[in-house]
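Reminder, nothing fancy here: chain letters follow the sequence lines and each chain counts from 1.
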Amino acid sequence: AQSVSQHNHHVILSEAASLELGCNYSYGGTVNLFWYVQYPGQHLQLLLKYFSGDPLVKGIKGFEAEFIKSKFSFNLRKPSVQWSDTAEYFCAVTPTGANNLFFGTGTRLTVIP
Amino acid sequence: DVKVTQSSRYLVKRTGEKVFLECVQDMDHENMFWYRQDPGLGLRLIYFSYDVKMKEKGDIPEGYSVSREKKERFSLILESASTNQTSMYLCASSLRGRSSNQPQHFGDGTRLSIL
């Protein structure tokens, strides 16, 4: 069965620090990859997505993610975090042709002003 | 902008009750989903539907059923609520893309407490 691993459960950073959140998946075929963000009290929103092409994808609010096929990874990065980035971040994977997403367990990011 | 509306933000029910959670989307999406979100477990798929009157079991369908009589509405039913069904329930919808490249759009969630 497919699985998505987010090894960091809670990350605490100071403002302006760099961020990298790990995401690994276990599916051997072609996949589509997503990062979603859930700000406190708000609904899940799409941050960025990868379907094909350039493995480095840019999303909203200065976030980017790199797909490394050989490592089955899709790590999320941001060079300089802000207090407003405090949220929970979910990696999600769907095999090409499927309609349902497989989510990781989420990483809670706390940014200290 | 896509709007996914869940009928209740908070709900409190008693053990054994039949509970209905309603979800409506306004973008003519084919796919609709119900998840539950629990701390440390992320989102787990309960059921999804890719068309009217069609449904597929997700990872944790036990104790739940669903109904999709109209394209815009997807209902989650707890046949006989139990305390272990206390959770945050999220509804989502998406277009049925050719290669599953359509992102899902989420509602605000229903926090359900079973006493």
Side-chain angles (χ1 to χ4, degrees), chain A residues 1-10 21-25 27 29-53 57 59-60 63 65 67 74 87-108, chain B residues 1-6 9-10 23-25 27 29-51 54-61 66 68 74 88-111:
Chain A
Q2 296 88 348
S3 70
V4 182
S5 298
Q6 292 181 246
H7 301 294
N8 310 107
H9 298 295
H10 189 191
L21 301 182
C23 174
N24 289 89
Y25 63 93
Y27 182 74
T30 308
V31 293
N32 298 312
L33 300 154
F34 304 82
W35 274 98
Y36 283 85
V37 60
Q38 188 174 32
Y39 297 104
Q42 296 187 28
H43 61 269
L44 272 157
Q45 303 170 43
L46 182 68
L47 205 52
L48 48 78
K49 59 189 178 185
Y50 171 80
F51 301 141
S52 63
V57 292
I60 61 172
F63 286 90
F67 171 49
F74 189 55
E88 190 153 18
Y89 293 81
F90 293 92
C91 179
V93 174
T94 182
T96 301
N99 281 317
N100 50 319
L101 281 173
F102 297 93
F103 280 87
T105 53
T107 297
R108 187 154 63 98
Chain B
D1 203 17
V2 178
K3 184 71 175 172
V4 179
T5 303
Q6 294 184 230
R9 197 72 191 264
Y10 301 93
C23 175
V24 176
Q25 50 94 2
M27 284 301 291
H29 284 172
E30 290 86 2
N31 298 332
M32 295 189 75
F33 307 83
W34 274 107
Y35 296 89
R36 60 178 285 176
Q37 182 180 11
D38 299 288
L41 296 178
L43 277 73
R44 292 179 292 166
L45 181 65
I46 304 171
Y47 268 98
F48 68 98
S49 168
Y50 51 87
D51 206 345
M54 306 301 286
K55 60 184 179 183
E56 293 280 344
K57 291 181 180 180
D59 299 320
I60 50 165
V66 290
R68 183 114 182 255
F74 192 35
M88 171 70 89
Y89 289 87
L90 300 179
C91 176
S93 72
S94 72
L95 288 169
R96 190 191 308 146
R98 284 188 184 179
S99 54
S100 64
N101 59 2
Q102 300 298 332
Q104 293 185 13
H105 300 266
F106 286 83
D108 288 335
T110 296
R111 187 166 293 283

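- Only the side chain of Arg9(B) comes within contact range of chain A, with heavy atoms under 4.5 Å apart.
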Working for side-chain contact (heavy atoms from CB on, under 4.5 Å), residues Phe103(A) and Gln37(B): CA-CA 10 Å; Phe103(A) 280 87; Gln37(B) 182 180 11; over 6 Å; no

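- The distance from atom NE2 of His43(A) to atom CD of Gln6(B), rounded to the nearest 0.5 Å, is 11.0 Å.
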Check step by step if side-chain contact (heavy atoms from CB on, under 4.5 Å) holds for Phe33(B) and Leu101(A). CA-CA 10 Å; Phe33(B) 307 83; Leu101(A) 281 173; over 6 Å; no

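- Looking at Tyr50(A), there are no atoms closer than 4.5 Å to chain B (heavy atoms on both sides), in backbone or side chain.
- The CG atom of Leu46(A) sits 7.5 Å away from atom NE2 of His105(B), with the distance rounded to the nearest 0.5 Å.
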What verdict does the side-chain contact (heavy atoms from CB on, under 4.5 Å) test give for Leu44(A) and Leu43(B), after you've listed the backbone C-alpha separation in whole Å, the side-chain angles of each residue and the deciding distance to 0.1 Å? CA-CA 11 Å; Leu44(A) 272 157; Leu43(B) 277 73; 3.5 Å; yes

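- Neither the backbone nor the side chain of Gln45(A) comes within contact range of chain B, judged by heavy atoms closer than 4.5 Å.
- Sparse packing is recorded around CZ of Arg108(A), with 12 or fewer heavy atoms of other residues, nucleotides or ligands lying under 6.0 Å away.
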